Structure formats: C-alpha cells, structure tokens
Amino acid sequence: MPGICVFDVNETLLDLAALDEQFERMFGDITARKEWFQQLLQLALISTITGPYSDFGKLGMVALDMVGKSRGTGVSEEQKQEVREGIQHLPPHPEVPQALKRMKESGLRLAALTNST
C-alpha cells in the first residue's frame, strides 16, 4: 500500500512572501504580513473549535483589519481587494513543484487539505 502525504496549502505549498510588497505599501513594514497571517491562523483555529464555520477569506479580511488597528492605521476596501487578489495568485515555494513531482514518482499519494476557498 503506497504512503500518503497530506499538505496544508497556504505557506506550506504557496509562498505568502509574494504579498510582502502589498503589506509594505499598506503598513510601511513587511513584517505586517507575518503578523497578519499569525492573526489569521488564530482566528481560523478559534472558528474551527468554537463553530460555526467561517470562510478563510473573510477571516483574512478581519485579521487585516485587526493588524491595521494594532498598527494605528485603517485598511481601505481597495487594499483589502488587493490582498484578496494577491492570495488568489500566490506562487508555490520554489522547491515545491519538483518536490511534489518526486514524491508522486516515488509512489506516494498526495493530497491537500485547506479551509481556504
């Protein structure tokens, strides 16, 4: 029986660093992207544990507002849309395509789990 390897998608396979420019424009600091993603993961975990389900994208926008508030700045609807669009076009980390190919060729069954739409 072949082994199975299950991956999370965001930041495991896809590179969130592609959003750094957007976060630097919004907050003047690329570390805001890491702060945002940590806040997003926390919100998603809380939502999963306490229910009901909340869309990952909606939680992402709530997390963006929270980062803006903690940094003393607002986030416009245009900025939110820019982040939404950026998330939909994240590139894989550079090593991902070849690594996935090698795992598949070795007989592993591959799957991705995510709560992101």
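Computed from heavy atoms alone, side chains included, the values below leave out hydrogens, waters and symmetry copies. A quick note: this is a predicted structure, and the numbers were derived from the prediction, not measured. For the single chain, residues carry numbers from 1 onward in sequence order.
The minimum heavy-atom distance linking Ala44 with Leu59 is given by the pair CA-CD1, 3.6 Å. The two residues Val75 and Gly68 make their nearest non-hydrogen contact at CG2-CA, 4.1 Å. For the residue pair Gln22 and Gly86, the shortest heavy atom distance occurs at NE2-CA, 4.1 Å.
Once rounded to the nearest 0.5 Å, the distance linking NZ of Lys34 with CG of Asp20 reads 7.5 Å. Interatomic distance, Leu64 CG to Phe27 CZ, rounded to the nearest 0.5 Å: 5.0 Å. With rounding to the nearest 0.5 angstrom, the CG atom of Leu100 is 11.0 Å from the CZ atom of Arg102. Atom CZ of Arg33 sits about 10.0 Å away from atom CD of Gln38, to the nearest 0.5 Å. The distance from the OG1 atom of Thr31 to the CD atom of Glu24 is 9.5 Å, given to the nearest 0.5 Å. With rounding to the nearest 0.5 Å, the separation of SG in Cys5 from NZ in Lys104 is 14.0 Å.
With sequence neighbours excluded, no residue forms a side-chain contact (heavy atoms from CB on, under 4.5 Å) with Gln88. Every residue meeting the side-chain contact (heavy atoms from CB on, under 4.5 Å) condition with Ala112, not counting sequence neighbours, appears here in chain and number order: Val9. Contacts of Asp65 classified as side chain to side chain donor-acceptor pair (under 3.5 Å), with partners at least two apart in sequence or in another chain: Lys80. Looking at residues two or more places apart in sequence or on another chain, you find a side chain to side chain donor-acceptor pair (under 3.5 Å) between Ser70 and Glu35. Under the rule for a salt bridge (Lys or Arg N to Asp or Glu O under 4.0 Å), Asp15 has no partner lying at least two apart in sequence or in another chain. Qualifying side chain to side chain donor-acceptor pair (under 3.5 Å) partners for Glu85, counting only residues two or more places apart in sequence or in other chains: Gln81.
In this structure, the side chains of Pro92 and Leu13 stay at 4.5 Å or more apart for every pair of heavy atoms. Within the 4.5 Å cutoff, side-chain heavy atoms of Asn10 are placed close to those of Phe56. Residues Trp36 and Met26 fail the side-chain proximity criterion, which asks for heavy atoms closer than 4.5 Å. Considering only heavy atoms from C-beta on, Arg25 stays 4.5 Å or farther from Gln79 through its side chain. Using a 4.5 Å heavy-atom threshold, the side chains of Val67 and Arg71 count as touching.
Surrounding CD of Glu78 are at most 12 heavy atoms belonging to other residues, nucleotides or ligands under 6.0 Å away. Within a 6.0 Å radius of CD in Glu21, no more than 12 heavy atoms belonging to other residues, nucleotides or ligands are found.
Using modelled atom types, no side-chain atom of Ser47 and backbone atom of Leu43 make a donor-acceptor pair closer than 3.5 Å. Within the 3.5 Å criterion, the main-chain N or O of Leu16 finds a donor-acceptor partner in the side chain of Glu11.
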Report task. Could you walk me through whether Leu19 and Leu90 pass side chain to side chain contact (heavy atoms under 4.5 Å, CB included), step by step? Result -> CA-CA 8 Å; Leu19 301 174; Leu90 290 172; 3.9 Å; yes

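Taken together through direct or relayed side-chain contacts under 4.5 Å among Ile, Leu, Val, Met, Phe, Trp and Tyr, Leu113 and Ile4 form part of one hydrophobic cluster. Both Leu41 and Val83 are part of a single hydrophobic cluster, where members link through side-chain heavy atoms under 4.5 Å apart.
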